[in-house]
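Encoded as structure tokens, the structure appears first; notes follow it.
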Amino acid sequence: MTGLRPDRRTALGLLASAAATGLAGCGGRNDGVTRLRFWAMGNEATNVPQILPEFERLNPGIKVEVQALPWTAAHSKLLTSYAGNSLPDLSQVGNTWVSEMAAIGAISALPAFASDLLTDQFPAVLETNRIGGQVVGVPWYVDTRLIYYRADLLEQAGFPDGVPRTWDSWKAAMHAVKRVAGPGNYAVLLPVNEFEQLLTFGLQGAEPLLRDRDTRGNFSSASFVAALEFYKSLFDEGLAPVASSTQISNVWTEFERGYFSFYFSGPWTIGDFRNRLKPTTRWMTSGVPGPTGPGASAPGGSSLVVYRQSPHQDAAWKLVRYLADPAVQARFNTITGDLPARESAWATPAVANDPYVAAFKGQLSRAKAVPKVPEWERIVTEMQIVAERMVRGQFTPRAAAAEIDRRADRLLEKRRWMIEQGRAI
């Protein structure tokens with residue numbers, strides 16, 4: 001507390017006392033039971049209580065208390081709770097948050113007794129949880145983005161075998177589909193206020209998105225410039241509307257009426273399309289085309305992390321082990337529709353027999369981990385802003401690439417300084 005004004009010290013002391021009293025009241029009961037605080041988000045928070053009774057039956061000395069957080073507030077809630085020393089024992093986190101939580105020292109490394117959790121995983125997804133050579137998060141469920149398409153319109157356009165596998169042949173199919181769909185319609189939806197579609201194209205190249213130990217942008221590389229050129233051409237050739245997602249009144253309605261026939265999304269859209277599209281609308285899922293063949297995409301989903309502040313490390317990791325069990329993940333899939341992180345769970349009938357899910361396994365096998373730097377979400381936001389201006393005519397692809405590099409370099413300035421000073425990051 002040295003260096004704080006006396007009034008600040010008093011205030012902090014009262015807060016600490018109140019916090020200790022609160023903890024004693026809610027989790028400090030002397031009944032010999034370990035009470036784990038588990039924070040989860042969205043659909044998972046709603047449904048995970050259904051599978052916890054079995055865990056508590058297998059571990060009679062442990063009770064799990066789930067607190068639901070909205071996704072929109074979860075990231076800031078976790079950071080403020082870390083600063084206030086009030087994190088739970090464990091939580092669900094978005095995969096792209098793992099590097100940030102590790103950078104501030106908030107999460108525990110995977111203990112040796114849980115090393116078996118490293119097997120039976122999609123490599124790119126597991127890699128997002130490996131920071132500085134240590135695994136600090138365990139994949140809970142996985143997702144990635146691929147293409148939903150109108151199989152009926154594509155067949156009418158002369159492509160009965162589905163989405164072609166290369167950019168050039170896919171573009172030819174898009175032109176054909178646009179002709180079939182009729183005046184006023186397009187081929188593909190690429191909302192200009194989203195970064196995911198361009199990022200997917202950018203991952204097709206062999207060159208990394210960041211360079212020099214992830215301290216500078218590498219968006220001026222030949223492969224990313226090619227991605228920008230392909231992305232821009234889809235707007236220039238009238239295949240994609242220059243529109244944001246907020247200008248699309250209703251995705252499934254517009255998809256059904258043929259306003260667009262190709263749509264990038266994740267597994268959550270399967271349920272929406274099943275429930276909302278007319279039975280006469282034939283649709284399917286497909287892997288992403290690449291420059292010369294099937295392309296890559298970014299791995300997504302959520303991971304489970306245990307916080308260093310937790311006094312219940314062993315119990316928390318027992319819960320992680322349970323939630324990561326293939327049989328439990330298969331059951332959770334039937335409840336939520338979440339795609340299992342463990343590959344063996346995909347052999348269960350509910351997953352294996354779903355025709356719309358099949359393409360996701362192939363796409364996940366080709367996924368590429370994005371750079372694991374805390375600044376990554378801000379970098380892709382800047383990438384999206386520049387790309388939209390490119391689409392609207394402000395930049396050429398090469399000028400846009402240079403501008404994205406300039407913005408990325410600015411965001412990574414502190415990282416460069418820390419490396420130059422020989423400090424760990």
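The figures here come from the full heavy-atom set of this structure, side chains too, leaving out hydrogens, waters and symmetry mates.
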Please determine if D325 and R342 form a salt bridge, counting it only when a charged side-chain N lies under 4.0 Å from a carboxylate O. no
Looking at R274 and D354, does any basic side-chain N land under 4.0 Å from a carboxylate oxygen? yes
Output yes when R37 and E65 qualify as a salt bridge under the 4.0 Å nitrogen-oxygen rule, no when they do not. no
Search all heavy atoms of D89 against all heavy atoms of P311 and return the closest pair with its distance. OD1-CD, 3.8 Å
Do you see a donor-acceptor pair shorter than 3.5 Å between the side chains of E100 and H75? yes
Shortest non-hydrogen contact between S286 and V163, atoms and distance: OG-CB, 3.4 Å
Under 3.5 Å: donor-acceptor pair, side chain of Y82, backbone of I104: yes
side-chain contact (heavy atoms from CB on, under 4.5 Å) evaluation trace for L198 with F224: CA-CA 9 Å; L198 175 56; F224 195 82; 4.3 Å; yes
What about Y141 and F332, are their ring centers closer than 6.0 Å? no
Which atoms form the tightest heavy-atom contact between D405 and F219, and what is the distance? OD1-N, 2.7 Å
Distance alone, cut at 3.5 Å: any donor-acceptor contact between the side chains of S91 and Y307? yes
For the pair Q384 (side chain) and V192 (backbone), establish whether a donor and an acceptor sit closer than 3.5 Å, ignoring hydrogens and angles. yes
Between E194 (side chain) and L190 (backbone), is there a donor-acceptor pair under 3.5 Å? no
Rounded to the nearest 0.5 angstrom, the CG-CG distance for L304 and L110 is 11.5 Å
Donor-acceptor pair, side chain of R130 and main chain of V135, under 3.5 angstrom: no
Tell me, yes or no, whether the heavy-atom count around R165 atom CZ, taken from other residues, nucleotides or ligands under 6.0 Å, exceeds 12. no
Determine, step by step, whether F201 and F264 satisfy the ring pair (Phe, Tyr, Trp, His ring centres under 6.0 Å) criterion, reporting the C-alpha distance in whole Å, the side-chain angles of both residues, the deciding distance to 0.1 Å, and the verdict. CA-CA 11 Å; F201 295 147; F264 280 85; 5.7 Å; yes
Which value, rounded to the nearest 0.5 Å, describes the distance between F235 atom CZ and M390 atom CE? 8.0 Å
Answer yes or no: is there a donor N or O on one side and an acceptor on the other, between the side chain of N95 and the main chain of P299, under 3.5 Å? no
Under a 4.0 Å N-O cut-off, is there an ion pair linking E127 with K372? yes
Return yes if some donor-acceptor pair links the side-chain N/O of S81 with the main-chain N/O of K77 below 3.5 Å, else return no. yes
Are side-chain N/O atoms of Q92 and S303 paired as donor and acceptor at under 3.5 Å? no
side-chain hydrogen bond (donor to acceptor under 3.5 Å, both in side chains) filter on R282, not counting sequence neighbours, yields E155
Just checking, is any N or O donor in the side chain of T144 or S297 under 3.5 Å from an acceptor N or O on the other one? yes
Which pairs with one or both residues in residues 109-137 pass ring pair (Phe, Tyr, Trp, His ring centres under 6.0 Å), sequence neighbours excluded? F122-W346
Distance-only donor-acceptor check, side chains N193 and S244, under 3.5 Å: no
Name the one of Y259, F255, F260 that satisfies ring-ring contact (aromatic ring centres under 6.0 Å, His included) with Y186? Y259
Give a yes-or-no answer on whether the side chains of N250 and W252 include a donor-acceptor pair shorter than 3.5 Å. yes
Polar side-chain atom of S310 near backbone of V306 as donor-acceptor pair, under 3.5 Å: no
Say whether, by atom type as modelled, one donor and one acceptor occur between the side chain of E377 and the main chain of P374 under 3.5 angstrom. no
Might you work through the side chain to side chain donor-acceptor pair (under 3.5 Å) test for T336 and N47, ending with a clear yes or no? CA-CA 7 Å; T336 65; N47 290 290; over 6 Å; no
Going by ring pair (Phe, Tyr, Trp, His ring centres under 6.0 Å), name the pairs with one or both residues in residues 355-375, residues two or more places apart or in two chains. W283-Y356
Side chain to side chain donor-acceptor pair (under 3.5 Å) between S108 and Q313, intermediate numbers included: CA-CA 9 Å; S108 300; Q313 295 286 313; 3.0 Å; yes
In this structure, is the centre-to-centre distance between the rings of W71 and W268 below 6.0 Å? no
Just grab all the salt bridge (charged side-chain N to carboxylate O under 4.0 Å, His left out) pairs involving residues 220-238, residues at least two apart or on different chains. K171-E237, K232-D236
Applying side-chain hydrogen bond (donor to acceptor under 3.5 Å, both in side chains), name anything that partners E56, two or more places apart in sequence or on another chain. none
Can you name the closest pair of heavy atoms from T285 and P355 and give their distance? OG1-O, 4.2 Å
Short N-O contact, E413 and R410, less than 4.0 angstrom: no
With a 3.5 Å distance limit and no angle check, can you tell me whether S365 reaches the backbone of G362 through a side-chain donor-acceptor pair? yes
Using only atom types and a distance under 3.5 Å, with no angle test, would you say the side chain of Q363 pairs donor to acceptor with the backbone of G295? yes
Is a side-chain donor-acceptor pair under 3.5 Å present for W167 with Q204? no
F195 meets the ring-ring contact (aromatic ring centres under 6.0 Å, His included) criterion, sequence neighbours left out, with none
Is E388 salt-bridged to R392, going by a charged N under 4.0 Å from an acidic O? yes
Would S249 and E254 count as having a side-chain donor-acceptor pair, cut-off 3.5 Å? yes
Shortest non-hydrogen contact from V142 toward P340: CG2-O, 3.3 Å
Any chance you could lay out the side-chain contact (heavy atoms from CB on, under 4.5 Å) test for Y148 and F273, step after step, and finish with the verdict? CA-CA 10 Å; Y148 289 73; F273 278 13; 3.9 Å; yes
Before giving the answer on side-chain contact (heavy atoms from CB on, under 4.5 Å), spell out for L126 and L118 the whole-Å C-alpha distance, their side-chain angles and the decisive distance to 0.1 Å. CA-CA 8 Å; L126 183 61; L118 303 183; 4.1 Å; yes
Shortest non-hydrogen contact from A350 to N333? CB-OD1, 4.1 Å
Using a strict threshold of under 4.0 Å (side-chain N to carboxylate O), is an ion pair present between E382 and R378? no
V177 vs R150, side-chain contact (heavy atoms from CB on, under 4.5 Å): CA-CA, chis, key distance, verdict: CA-CA 9 Å; V177 164; R150 285 286 301 272; over 6 Å; no
